Enquirer: 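Below you'll find the structure I mean.
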Amino acid sequence: MASPATAGEVQDEAICSICLGYLTEPVTIACGHNFCRACLSQYCAEKGAGTPLTCPQCRAQFQKGEFRPNTQLSNIVQKLKQLGLKPGKGQKEKLCERHEERLKLFCEEDGETICWVCEKSRDHKSHTVVPVEEAAQEYKEKLQGALGPLRKELEEALVLTSKEKEKTTKWQRTVKNKRETIAGEFNKLHTLLREEEQLLLQSLEEEERETLQRLQENVTKLSQQSSSLQQLITELEEKCQQPVVELLKDVKSTLSRSENVKLQEPEAVSTDLKNVYKISLDMREALQRFGVDVTLDPDTAHPKLVLSEDRKHVRHGDKRQDLPNNPERFDTYPEILGAEGFAGGRRYWEVEVGDKTDWVLGVCRESVSRKGESTFSLGNGHWAMWLRDGGYKALTSPSTPLPVRVRPRRVGIFLDYEAGEVSFYNVTDRSHLFTFTGTFSGTLRPYFHPSINAGGTNAAPLIICPVPAQARGNLGP
């Protein structure tokens, strides 16, 4: 028969760290630890969908269902049971240091194991004393009960840590995109705006650094809490596997520490850019060097559109006008083109949109469809943005929402034919809105869509703004 010391060593490998009893139908997971099949199956079932599964003992990740039976360990467990060894009984029993008697009792008041002589002594005579087996079972259940909330706190900490890391990545991507936009805009006009470009990039970098630092502090704090929770869980798991005397030693203090654990959620860190990083007045002045005197082409106007005599204003009227259905005219939506066509060079114009609630502005191919249903998209030859239902979008495919901080009452449109760019600017706060990039061919025309008047709520016209006197005219063909 195996000696108690040998049996004790074997017992440690034969005990399930979930139920703390001998392994029943033991199975092994990827990290090499063993558990009862039923215990591990219940543990997996209690996890929410999408939550990573981690080993209850070492926290290594494993996949649900990826565990295999351990027949050899099952045979060892059976032999231990045949030897009559109970879990936690393999080690030599300790004796009372004062009386050399077996420690068979537990004093509730003092929280320590005692012998029958201690029970009769003056120190413990009036205390509540119970058998160690009964006390051990009671506190084992309490320890096991404390593990659940701690594991839940750890899981929440790991989830929050993951979210903070994802937020960090998203924030860095946002900053990268904004940096590219700023750099792209200033590269067009670097001779005039190099100094301001550097100032804005420095401001953006400072905001990036401060926000990333706060996000990283959140990740560090959560990681520290996760480490503390892991240590406490390991301590409780080891405590549950100790012999009764060791288990009961300082057990109340261990429970108290576990019950007082409370996960501190991270500080809320906004990942919205605080600054507008707007293009200054110098940018607008530079763009106005390419100012072009755009007028409206009445031959393309939808019959319900009303034009001013100078062909600078267009609005949606209440009645359909009796106009010739020439090939150039739009016949379905309230659309109209500029009279000027551009096959090269750089052009800039501004349109007053005021308080209108719905409009579309941009550039389109001269060959765009004028008859029947059509959509404002790149595929149909449009490079445009719109306001609809209170939101601004660039009409990419799919559309791109534009985070407008100040409602534009005037919109600037810059066409750089050779660069393949159409850029939109909020003249009201002098900020860049969006830039389309691609390759142009053929003639392009300014595009206007004032939308229906909606019972008078959108009756105001789109107004083409005059070209400043200092504008040097068109550059290019």
Side-chain angles (χ1 to χ4, degrees), residues 292-343 347 349-389 391-397 399 402 408 410-415 422 424 433-434 436 440 442-465:
V292 58
D293 187 17
V294 172
T295 56
L296 298 166
D297 181 357
D299 290 337
T300 65
H302 183 274
K304 280 195 174 183
L305 292 182
V306 179
L307 280 62
S308 62
E309 289 186 7
D310 62 0
R311 294 187 296 166
K312 294 288 188 177
H313 298 209
V314 58
R315 63 180 176 84
H316 185 265
D318 295 326
K319 297 180 180 180
R320 188 180 186 93
Q321 303 172 76
D322 184 14
L323 298 174
N325 187 21
N326 51 287
E328 301 90 351
R329 191 178 307 283
F330 292 98
D331 66 357
T332 304
Y333 299 112
E335 304 167 90
I336 185 172
L337 301 183
E340 296 71 27
F342 310 125
R347 306 290 192 279
W349 63 96
E350 294 179 353
V351 181
E352 188 79 28
V353 297
D355 293 324
K356 287 183 66 63
T357 58
D358 197 331
W359 48 260
V360 186
L361 290 173
V363 173
C364 71
R365 292 194 182 98
E366 188 170 45
S367 58
V368 72
S369 175
R370 316 291 176 91
K371 307 298 182 183
E373 298 283 340
S374 63
T375 57
F376 321 117
S377 65
L378 293 175
N380 288 329
H382 294 78
W383 294 266
M385 68 166 288
W386 75 5
L387 165 63
R388 180 165 295 179
D389 299 326
Y392 297 86
K393 291 183 179 181
L395 299 182
T396 53
S397 183
S399 60
L402 302 180
R410 180 180 293 193
V411 175
I413 302 168
F414 179 60
L415 167 63
V422 178
F424 294 84
L433 293 171
F434 190 79
F436 289 90
F440 300 141
T443 301
L444 304 182
R445 303 269 294 271
Y447 175 83
F448 306 86
H449 184 301
S451 297
I452 61 174
N453 60 27
T457 60
N458 191 44
L462 292 175
I463 303 173
I464 301 172
C465 302

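From a predicted model like this one, the values you see are computed outputs, not experimental measurements.
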Enquirer: Can you see which heavy atom on F330 is nearest to which on S369, and at what distance?
Expert: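 Taking F330 first and S369 second, the nearest heavy atoms are CE2-O, 3.5 Å.
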Enquirer: Can you name the nearest heavy-atom pair linking A394 to F434, along with the distance?
Expert: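 Distance-wise, the nearest heavy atoms are CB-CD2, 3.5 Å.
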Enquirer: Heavy-atom distance under 4.5 Å between the side chains of T300 and R445, does that happen here?
Expert: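 In short, these two side chains touch, coming nearer than 4.5 Å.
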Enquirer: More than 12 heavy atoms of other residues, nucleotides or ligands under 6.0 Å from CG of L323: yes or no?
Expert: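 Above 12, so yes.
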Enquirer: Given side chains that start at C-beta, do those of N325 and K371 come closer than 4.5 Å, heavy atoms only?
Expert: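 Yes, side chains in contact.
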Enquirer: Answer yes or no: is there a side-chain heavy-atom contact under 4.5 Å between K304 and Y333?
Expert: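 No. Closest side-chain heavy atoms not under 4.5 Å.
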Enquirer: List the atom of K356, the atom of A460, and the distance in Å for their closest heavy-atom pair.
Expert: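 Taking every non-hydrogen atom into account, NZ-O, 2.8 Å.
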Enquirer: So L296 and L305, side-chain contact (heavy atoms from CB on, under 4.5 Å) or not? Walk me through it.
Expert: CA-CA 11 Å; L296 298 166; L305 292 182; over 6 Å; no
Enquirer: In sequence, state the C-alpha distance, the side-chain angles, and the governing distance for L444 and E366, and then conclude on side-chain contact (heavy atoms from CB on, under 4.5 Å).
Expert: CA-CA 5 Å; L444 304 182; E366 188 170 45; over 6 Å; no
Enquirer: Does V368 reach the side chain of R370, with side-chain heavy atoms less than 4.5 Å apart?
Expert: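 A side-chain contact exists here, since the closest heavy-atom pair is under 4.5 Å.
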Enquirer: Check the pair F448 / I464 against side-chain contact (heavy atoms from CB on, under 4.5 Å), numbers first and verdict last.
Expert: CA-CA 10 Å; F448 306 86; I464 301 172; 3.7 Å; yes
Enquirer: Decide if atom CG of D310 counts as having more than 12 heavy atoms of other residues, nucleotides or ligands within a radius under 6.0 Å.
Expert: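 Yes, the 6.0 Å shell around CG holds more than 12 heavy atoms from other groups.
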Enquirer: Please confirm whether the backbone N or O of P303 pairs with a side-chain atom of Q321, one donor and one acceptor, at under 3.5 Å?
Expert: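 Checked: pair present.
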Enquirer: Would a 4.5 Å heavy-atom cut-off, applied to side chains only, mark V422 and I413 as touching?
Expert: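 Yes, their side chains come closer than 4.5 Å.
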Enquirer: Which pair of heavy atoms, one from D299 and one from N326, lies closest together, and at what distance?
Expert: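 Minimum heavy-atom contact is O-ND2, 2.9 Å.
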Enquirer: Checking side-chain contact (heavy atoms from CB on, under 4.5 Å) for the pair F342/V363: CA distance, chi angles, key distance, verdict?
Expert: CA-CA 10 Å; F342 310 125; V363 173; over 6 Å; no
Enquirer: Of the options F440, Y447, F424, F414, which is the one that meets W383 in a ring pair (Phe, Tyr, Trp, His ring centres under 6.0 Å)?
Expert: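 Single pass found, and it is F440.
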Enquirer: Given side chains that start at C-beta, do those of P450 and R315 come closer than 4.5 Å, heavy atoms only?
Expert: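 No, their side chains stay 4.5 Å or more apart.
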Enquirer: Any heavy-atom pair between the side chains of L433 and M385 that's under 4.5 Å?
Expert: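 Side chain of M385 against side chain of L433, heavy atoms only: contact under 4.5 Å found.
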Enquirer: A side-chain contact here means heavy atoms from C-beta on lying under 4.5 Å apart; do V353 and L462 qualify?
Expert: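 Yes, side chains in contact.
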Enquirer: Can D293 and K312 be counted as an ion pair, charged N to O under 4.0 angstrom?
Expert: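 Salt bridge: yes.
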Enquirer: Is there a donor-acceptor pair closer than 3.5 Å between any side-chain N or O of D358 and the backbone N or O of S451?
Expert: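 Side chain of D358 to backbone of S451: no pair is present.
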Enquirer: What are the two closest heavy atoms between R329 and P324, and how far apart are they?
Expert: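 That closest heavy-atom pairing would be NE-O, 2.8 Å.
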